[in-house]
Amino acid sequence: MTKKDADASTQPPAPIVAHDLILRVEEAEATLAAIRAGEVDALVVAADGTPQVFVLKGADHAHRTLLESLNEGAMTITGDGTILFANRKLAEMLERPLGKVLGASLSGFVVPEQAEALSTLLAQAKGGSAKGEVSFMQASDAQLPVMLSIRDAGEEDPTFTGVATDLTPLKAAEAALRQVNDELEARVAARTAELVKANEALREADRRKDEFLSMLGHELRNPLAPILTAAEMIRMSTQGDARVERFRSVIERQARNLSRLVDDLLDVSRITRGTITLQTMLVDLGTIVRSAMDAARPLIDASGHTLVVTLPAAPVLVQGDPTRLEQVIVNLLNNAAKYTERGGQIALSVEQDKAGVTTTVKDNGIGMPADLLPRVFDLFVQGERTLDRSQGGLGIGLTLVKSLITMHGGSVEARSEGMGKGSEIVVRLPHVRRDGLSAQAPPAEEAPANAQRALVVEDNADAADMLSELLGLWGYDVRAAQSGEEGVTLAATFRPHVVLVDIGLPGMDGFEVARRLRATRPTSKALVIGVSGYGQEADRHKAEEAGIDHQLMKPLDPQVLAGLLTRAKKNGARSP
C-alpha cells in the first residue's frame, strides 16, 4: 500500500465533510445574525468590501443588562462616528430597528445642519469628554432634541462612548414654565398697575387730608383768636372779681387746650410728610422748662396736682429749637396731668452728666401695662379710657415728643411698673458746655406803655375787633382794615408803628401786604407781625422774603404779643 493510499484511507468520507461544512456555515450565519441583532458585544462592519468583526473589550452580560436598563440612549462609536454598539433605547429614540442602527454613521441620524456640530463634539472629546445639544432625525421625519454626552473610551483605535438624553420633557417643561412666567409677568404687571393706581389715589387722599387739616386748623384758629383775646381783655377789665375771673379762666384754659390739639394735629401731619424744620440755637434748657411750666400750669392747677421741679443751679445748654423743646415738655406735663387722678403728684427734673442732658417727668397716675410700653409713642395709641377720664386727647402727644426729640438727636423712653403705679417719661438730649453764661431767667415781659400807632389787617371781624381792643388797652392808637388793599391804603396815611396782618387774607394776602408796606417810605421801617392760621413751615421763608419781622400762630397768645412789642420798644422801635 502506498503512502497516498494510506492517507486517503484515514480521511473522513466526503459526505461527512460536507455536512460538517454546512454546520459551520450555519453556525457562522447564526453568529453574524446574533451580532447584528445586538445579542453579543461584537459587530461586523463591511469596509472596502471586506467584512470586519469588532468585539468590545471588557463587555459581558452584566454590562449589557445595565445599558439596556437605562432610560437614555447608549452607544459606542468609532472616531469617524460609526456606531459599534447601541442599546435598544437609542433605537427607540431613532424610531429604527436596532439592526439598522448598528454599523451606521451617527451623523446620518443627526439633522443635516448639525453635522458640523457633531464633528466638533467628537474632536473635543478626544482624550476627555464633551457635551452638546443636537437633534436626531427620526424615521417619521420628526426632530428629537437630545443632550449628547461623549467620552473617549481610552482604546488604541479612537473609540467613544456616548449617552443621548431625550430633552423633550425638559423642553415641554421649559415651554410650560415660560407660559407660566409670561402669565405671572402679566399678572404682576396688572397688579403693579393696580398698586400704582392705588398708590396715586393714596397720595391724592393724603394730599387732600393735609389740605383739610391745614384748612381745619385755619378755620378753628379764627374763632379761637378772638376768644383768647376777649378772655385777656376780661382779665384786664375785671380785676378783683373772683367769680368773673373763674369763668374767664375756664374760657381761656379750654381755648388753649383746643388750640393745642389743633397744633398737635398739624404738627403730626407735617412730621409724617417730613416738612418740619428745626430753628436750632444754643439755649438754656432750664429757661425752656420754666416757660413750659407756665404753659402747662392751667391744666395742672385745674386738676389739683402738685408739681415739683428740680433744675441744676448752672445753665443746662443744649443745641435745639426752643419752641419745639418747649412743646415737648408741655406735652409731657399735660400728659401726666391728664392721666393722674385729681390731687396727684407730678415731678419734673433735669440732670446733666458726661452722657448728655436727661429730663424726666414722673407722676403717680394710672400707669401703663407692660404691653403698652413698646407702643406708647405710636400715633393714636392710648391707654385704657374710662367715662370719667374725658381728657385723654387724641393719642398724638407722645408721638410728637418722640419725633421732635429724635430730630434733635436724642431719645425717649417710657417706664411704668404697671396699672395704678404711675408713669415716667425720660428724655435724653446731647448737651453743650459753655462757661460764663448767666443762670438767671430772663425778666418777665412788660406790656408796652407809650402810645404808638398800630394797624390790624384781618378779614375776621371778631378777631379784628378783639385784637384792636386789646392793643387799645395797651395804649396803642389802633386802626383796622378787613382786606389787604384797604390795609395798604390806610397805612399810607395812618403811618403805623406796628402792623399785625393776617397771612391768609382773600385777594391780596399778607405776604403781598408786607411787601408793599416795605416798599412805601412811611411804613418801610414799621414792625410787621404776620398772623397765620395754617402753620405751614414754608411760610417762614415767605415771611422773611416779604419783610415780615415776626410770625405768630392763631390764636394769638397775648403774653407772646406783648413780649414782642415790649422788646421792639426797648430795642428802639422803628419810627415811620
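We number each residue from 1, following the sequence as shown. Remember, it's a predicted structure, so these values are computed and weren't measured experimentally.
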For residues 309-321, tabulate all N or O donor-acceptor pairs below 3.5 Å that involve a side-chain atom, not counting sequence neighbours.
residue: Asp321; atom: OD1; partner: Thr323; partner atom: N; Å: 3.0
residue: Asp321; atom: OD1; partner: Arg324; partner atom: N; Å: 3.4
residue: Asp321; atom: OD2; partner: Gln279; partner atom: N; Å: 2.8

Side chains of residues 484-493: which donor-acceptor partners sit under 3.5 Å, not counting sequence neighbours?
residue: Glu486; atom: OE1; partner: Gln482; partner atom: N; Å: 3.3
residue: Thr489; atom: OG1; partner: Glu485; partner atom: O; Å: 3.0
residue: Thr493; atom: OG1; partner: Leu490; partner atom: O; Å: 3.2

With rounding to the nearest 0.5 Å, note down the distance linking CG in Leu455 to CG in Asp477.
-> 11.0 Å
Could you tell me which residues satisfy side-chain contact (heavy atoms from CB on, under 4.5 Å) with Val196, sequence neighbours excluded, listed by chain and number?
-> Thr192, Glu200
Pairing residues for Ala292 by the side-chain contact (heavy atoms from CB on, under 4.5 Å) criterion, not counting sequence neighbours = Glu326, Ile329, Val330
For Glu424, enumerate each residue passing the side-chain hydrogen bond (donor to acceptor under 3.5 Å, both in side chains) test, keeping only those at least two apart in sequence or located in another chain.
-> none
Hey, what do you get for CG (Leu500) to CG (Leu561), rounding to the nearest 0.5 Å?
-> 5.5 Å
Hits for salt bridge (Lys or Arg N to Asp or Glu O under 4.0 Å) against Glu417, two or more places apart or cross-chain, chain-then-number order -> none
Test side chain to side chain contact (heavy atoms under 4.5 Å, CB included) on Met236 and Trp474 and set out the steps.
-> CA-CA 10 Å; Met236 296 175 64; Trp474 285 347; 3.8 Å; yes
For Ser249, what residues pass the side-chain contact (heavy atoms from CB on, under 4.5 Å) criterion, not counting sequence neighbours?
-> Glu245, Arg253
With sequence neighbours left out, write down each residue that passes side-chain contact (heavy atoms from CB on, under 4.5 Å) with Glu185, or none if nothing qualifies.
-> Asn181, Asp182
Excluding sequence neighbours, so at least two apart, what forms side-chain hydrogen bond (donor to acceptor under 3.5 Å, both in side chains) with Glu194?
-> Arg191
Between His305 (side chain) and Ile300 (backbone), is there a donor-acceptor pair under 3.5 Å?
-> no
Just by modelled atom types, is the Arg495 backbone N or O under 3.5 Å from a matching donor or acceptor in the Arg453 side chain?
-> yes
Could you pull out all residues at least two apart from Asn334 that satisfy side-chain hydrogen bond (donor to acceptor under 3.5 Å, both in side chains)?
-> none
Check side-chain hydrogen bond (donor to acceptor under 3.5 Å, both in side chains) between Asp294 and all other residues, then give those that pass, not counting sequence neighbours.
-> none
Which pairs of donor and acceptor atoms, one on a side chain in residues 458-471, lie under 3.5 Å apart (sequence neighbours left out)?
residue: Glu458; atom: OE1; partner: Lys554; partner atom: NZ; Å: 3.2
residue: Glu458; atom: OE2; partner: Asn460; partner atom: N; Å: 3.0
residue: Asn460; atom: OD1; partner: Asp462; partner atom: N; Å: 3.2
residue: Asn460; atom: OD1; partner: Ala463; partner atom: N; Å: 2.9
residue: Ser468; atom: OG; partner: Ala464; partner atom: O; Å: 2.7

